[in-house]
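Each remark here refers to the structure printed beneath this line.
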Amino acid sequence: MEASSRVALVQARERLSERTQGAEGQTLLGLADELFAVARLLQAQPTLRRALADPSGKPEERAALAQRLFSSRLQPTALDIVEVTVHQRWSRPLDLVEAAMTLATEAALDAADARGELDDVEDELFRFGRIVAGDQGLSRILSDRTGSAEGKSALLDQLLSGRVSPVTEQLLRNVLTGSHVGTAGVAIERLSDVASRRRGQSIARVTTAAALTAAQEQRLTDALGRLYGRTIGLHVTVDPTVLGGLLVQVGDEVIDGTIAHRLEAARRQLAG
């Protein structure tokens, strides 16, 4: 996002925070559903999102348009948040779509927090992400932008219904059935990272040849916390192909201490 859209998103998030303070989990789940519905509508209708994000129009006119369109579809809290959001100045229409998705996601995580399920949601998102990453067929279906949203939704029903928190199911369903999902594994990883940040920690994605003991995980957590100067949570994946050592990714930074990496480096030196 450019500067004006970043400022606009801050204003919209502040409004969301004001309107959701002290709300119950079920109320927040309903709010997230409505905001996700608005985001999907904006994704599907370029003309509408251009009208609601048009910087040449008056903010009051954009808000009035949103009021006319959504007053019969949204509860007062959701309607107010949408009106405040379109009142802001957006650099481009797609930033408005991204903002609606962000607000919906935050409302869903607020619901998880209110329900005492935030830890579970983060763990479930991570585990489902590993399932998708390890199944090329599933990843291909969920990443296909031309695929039917209804078909993806039915597939997610089979995979998730009754097995995860309602918040986890809500997040995955709305993000993975969108027309701009991109790579499903990346989309799920971003959701997991957002949930982790909500818990006040960064995530280190660790790949190891064998499962770590609790003591090893604690030593690694402590070492990474000292290195990065903040609380670090671990998402550990066992992959025998690394042979030994650890591959650690924190954000965009990768620490590759695996035997496979060292063997490959040695091979390149011999060949060169």
Side-chain angles (χ1 to χ4, degrees), residues 25 28-29 32 36 101 104-144 147 151-178 181-218 220-221 224-225 231-242 246-252 254-255 258:
L28 292 166
L29 269 176
F36 274 125
M101 290 294 292
T105 299
E106 292 193 0
L109 292 174
D110 285 340
D113 202 6
R115 293 162 60 95
E117 297 175 353
L118 194 53
D119 289 2
D120 292 338
V121 168
E122 183 206 344
D123 184 61
E124 289 165 355
L125 289 170
F126 170 71
R127 292 181 184 280
F128 190 69
R130 299 317 304 165
I131 291 171
V132 172
D135 188 324
Q136 292 184 355
L138 179 59
S139 177
R140 184 171 58 253
I141 292 170
L142 293 176
S143 303
D144 183 3
K152 291 181 183 180
S153 184
L155 175 60
L156 290 170
D157 268 342
Q158 296 177 23
L159 296 172
L160 302 173
S161 184
R163 296 181 174 90
V164 297
S165 159
V167 176
T168 303
E169 187 172 353
Q170 181 187 59
L171 287 168
L172 290 171
R173 182 188 307 281
N174 282 283
V175 170
L176 295 178
T177 60
V181 61
T183 303
V186 173
I188 299 169
E189 185 173 308
R190 287 173 179 164
L191 280 176
S192 179
D193 287 344
V194 172
S196 299
R197 288 196 297 273
R198 176 62 66 90
R199 293 178 59 210
Q201 64 179 13
S202 297
I203 286 298
R205 302 182 185 281
V206 180
T207 305
T208 175
L212 302 178
T213 66
Q216 289 172 325
E217 287 193 6
Q218 187 59 56
L220 180 57
T221 297
L224 291 172
T231 303
I232 301 290
L234 302 184
H235 282 171
V236 180
T237 300
V238 176
D239 181 359
T241 64
V242 304
L246 297 173
L247 174 67
V248 180
Q249 180 177 353
V250 181
D252 294 330
V254 176
I255 305 169
T258 63

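Count residues from 1 along the sequence.
Interatomic distance, CD of E106 versus CE of M101, reported as 12.0 Å (0.5 Å rounding). The structure places CG of L176 at 9.5 Å from CG of L155, a figure rounded to the nearest 0.5 Å. The structure places OG1 of T208 at 10.0 Å from CG of L247, a figure rounded to the nearest 0.5 Å.
L28 and A114 make their closest contact through CD1-CB, 4.1 Å (heavy atoms, listed as atom of the first residue, atom of the second, distance). When every heavy atom of A108 is checked against every heavy atom of A32, the shortest pair comes out as N-CB, 3.6 Å. The two residues A209 and V238 make their nearest non-hydrogen contact at O-CG1, 3.5 Å. What you find for K152 and S143 is that their closest heavy atoms are NZ-C, 4.5 Å. Of all heavy-atom pairs between G185 and V132, the closest is N-CG1, 4.3 Å. Nearest heavy atom pair, residue E124 against residue S165, reads OE1-N, 3.0 Å.
Just one residue in the list V121, T168, L172 forms a side-chain contact (heavy atoms from CB on, under 4.5 Å) with L191, and that residue is L172.
For the pair L118 and E122, the minimum side-chain heavy-atom distance is 4.5 Å or more. By the 4.5 Å heavy-atom criterion applied to side chains, L159 and L138 are counted as neighbours. Proximity of L220 to L246: side-chain heavy atoms (C-beta onward) are separated by under 4.5 Å at one or more points. In this structure, D157 and E169 have side chains that are in contact, with non-hydrogen atoms separated by less than 4.5 Å. I131 has its side chain out of reach of R127: every pair of non-hydrogen atoms, C-beta onward, lies at least 4.5 Å apart. Here the side chains of V194 and L125 are not in contact, with every heavy-atom distance at 4.5 Å or above. Side-chain contact between F128 and L156 is present, with at least one heavy-atom pair separated by less than 4.5 Å.
Not a single donor-acceptor pair under 3.5 Å links the side chain of S192 to the backbone N or O of I188. Judged by distance alone, with hydrogens and angles left aside, the side-chain atoms of N174 form a donor-acceptor pair with the main-chain N or O of Q170 at under 3.5 Å. Of the possible polar contacts, none joining the R140 side chain to the D135 backbone as a donor-acceptor pair under 3.5 Å is found.
Heavy atoms from other residues, nucleotides or ligands lying under 6.0 Å from CZ of R115 number more than 12.
For the residue pair T237/D239, the side-chain donor-acceptor check at 3.5 Å is not satisfied.
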